[in-house]
Amino acid sequence: MNARREDAKIVAGEAETFPDRVRQSSKSTMAQGVSVLLRRELRFLHKPLNIWSRLLLLAAAVTIGVSLFFPLWKMHLVAPQYSDGLDLYIFPYKIQGGGLNGQHLNEINGLNHYIGMKPLQAADFMEMRWMPFVFGLIILMTLRSVVFGEMSNVVDLFAVYSYFGLFSIGSFWYRLYEYGHSLDPHAPVHIKPFTPMLIGVKQIANFREYSFPQAGAYLLCVSVLLIVLAGWFSRKETFS
């Protein structure tokens, strides 16, 4: 009888510790899985870049540099009194009007004065002050990737580039919002606050606005594609 009681106690004790053993085993399996994943990720980041990837990165650096000489965006305004329209070009570092000697910018600022909007000027766009320097930094990172040739360089480059691009677009949209929602209440003409369109077509009072990316933005998109392809072409490279 005593032996049976002892056996029962042993079985009960094992039953009590069984969940603990299961949890410990689960934690151990999870830790092993994370360890394997980290080792795999580390191997991937240290993969060497082949010649094609390096050439693509070099092309990306050139494309980014060339994009500085082209407008990123264009806004075209049409109204009955301006049947040919007024053009506004957004460069990475300046705002330029269309027409002779950029006269369209003065015309637009004159019209904005009547509705209480402050003049459009590059000084109000914070990102235009540092955008050329960021472009230079990204070009240097791209050239560094060409020289050192590891997948980690491509990943870092893509992450910085993506963050910079999303931040710039968001910041630019916010500036446009501020312009259209900070109207002088004592202006000669009163209109409902608005946000100029970033992409697309919009009616603002008696003006129709057309806003679309231009050559500079397309070149930057091409450079991003080149960076992605550079990583793709070296994804199966092995250590020599």
Side-chain angles (χ1 to χ4, degrees), residues 54 56-77 86-98 101-102 104-106 108-109 112 117-148 150-183 194-200 209-231:
R54 295 173 192 247
L56 287 169
L57 289 172
L58 188 60
V62 173
T63 305
I64 296 170
V66 172
S67 70
L68 286 167
F69 300 96
F70 293 91
L72 299 173
W73 232 264
K74 176 185 176 182
M75 293 182 178
H76 182 66
L77 302 173
L86 299 172
D87 294 323
L88 196 65
Y89 297 94
I90 312 298
F91 286 78
Y93 53 90
K94 68 177 181 178
I95 299 176
Q96 180 177 304
N101 298 321
H104 287 184
L105 178 57
N106 294 330
I108 292 172
N109 281 332
N112 288 343
M117 182 187 289
K118 61 182 180 179
L120 292 169
Q121 52 186 357
D124 290 337
F125 291 85
M126 176 188 66
E127 56 274 13
M128 288 187 178
R129 304 175 192 174
W130 46 257
M131 191 176 287
F133 298 101
V134 174
F135 274 40
L137 174 63
I138 292 175
I139 291 173
L140 289 176
M141 289 182 66
T142 308
L143 295 176
R144 179 176 179 272
S145 301
V146 174
V147 174
F148 291 96
E150 278 193 358
M151 188 65 71
S152 59
N153 304 130
V154 178
V155 173
D156 291 343
L157 176 61
F158 180 77
V160 172
Y161 207 167
S162 299
Y163 173 81
F164 164 69
L166 292 174
F167 176 81
S168 297
I169 293 174
S171 177
F172 184 68
W173 179 88
Y174 179 70
R175 303 297 171 191
L176 294 178
Y177 176 88
E178 280 191 321
Y179 269 107
H181 285 77
S182 302
L183 303 178
F194 64 96
T195 303
M197 203 73 173
L198 194 60
I199 299 180
E209 176 207 358
Y210 300 82
S211 180
F212 293 98
Q214 294 297 294
Y218 294 130
L219 285 170
L220 292 178
C221 290
V222 169
S223 68
V224 172
L225 178 60
L226 291 172
I227 292 170
V228 171
L229 289 176

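In what follows, every heavy atom counts, from backbone to side chain, and hydrogens, waters and symmetry copies are set aside. Remember, predicted model here, so these are calculated numbers, not experimental data.
- Between the OG1 atom in T63 and the CD1 atom in I227 there is a gap of 9.0 Å [rounded to 0.5 Å].
- The heavy-atom pair separating F91 from M128 by the smallest distance is O-CE, 3.7 Å.
- Looking at heavy atoms from C-beta onward, L143 lies out of side-chain contact with L57 at the 4.5 angstrom threshold.
- Although no hydrogens or angles enter the test, the distance criterion places no donor-acceptor pair under 3.5 Å between the side chain of N112 and the main chain of K118.
- The closest donor-acceptor contact from the side chain of E209 to the backbone of M197 lies under 3.5 Å.
- Y161 is listed as a side-chain neighbour of L220, based on a closest heavy-atom distance under 4.5 Å.
- Every residue two or more places apart in sequence or in another chain that forms a salt bridge (Lys or Arg N to Asp or Glu O under 4.0 Å) with R175 is listed here: E127, E178.
- In this structure a side-chain-to-backbone donor-acceptor pair under 3.5 Å is missing from S171 to S168.
- Within the cation-pi definition used here (under 6.0 Å to the ring centroid, within 45° of the axis), K74 does not qualify as a partner of F212.
- You'll find the side chain of F172 stays beyond 4.5 Å of the side chain of L72, heavy atoms only.
- Put simply, the side chain of W73 never gets that close to the backbone of I199: no donor and acceptor are under 3.5 Å apart.
- Relative ring orientation between F167 and Y163 is described as parallel, the plane-to-plane angle staying below 30° on a 0-90° scale split at 30° and 60°.
- Within the model, atoms NE2 of H181 and CE of M117 stand 10.0 Å from one another, a figure rounded to the nearest 0.5 Å.
- Looking at every heavy atom in both residues, Y89 comes nearest to G97 through CD1-C, 4.4 Å.
- The shortest heavy-atom contact between V66 and L219 is CG1-CD1, 4.0 Å.
- A heavy-atom distance below 4.5 Å is not found between the side chains of R144 and D156.
- Residues V160 and M141 approach most closely at CG2-CE, 3.9 Å, considering heavy atoms.
- Counting non-hydrogen atoms of other residues, nucleotides and ligands closer than 6.0 Å to CZ of F164 gives a total above 12.
- For the pair N153 (side chain) and E150 (backbone), a donor-acceptor distance under 3.5 Å is present.
- Partner of M75 under the side chain to side chain contact (heavy atoms under 4.5 Å, CB included) criterion, chosen from D87, L86, L88: L88.
- When all heavy atoms are compared, the tightest approach of P92 to P132 is O-CD, 4.3 Å.
- Atom CG of L77 is separated from atom OH of Y210 by 10.5 Å, given to the nearest 0.5 angstrom.
- With values rounded to the nearest 0.5 angstrom, T142 atom OG1 is found 4.5 Å from I64 atom CD1.
- No more than 12 heavy atoms of other residues, nucleotides or ligands lie within 6.0 Å of CZ in F158, so this atom counts as exposed by the packing criterion.
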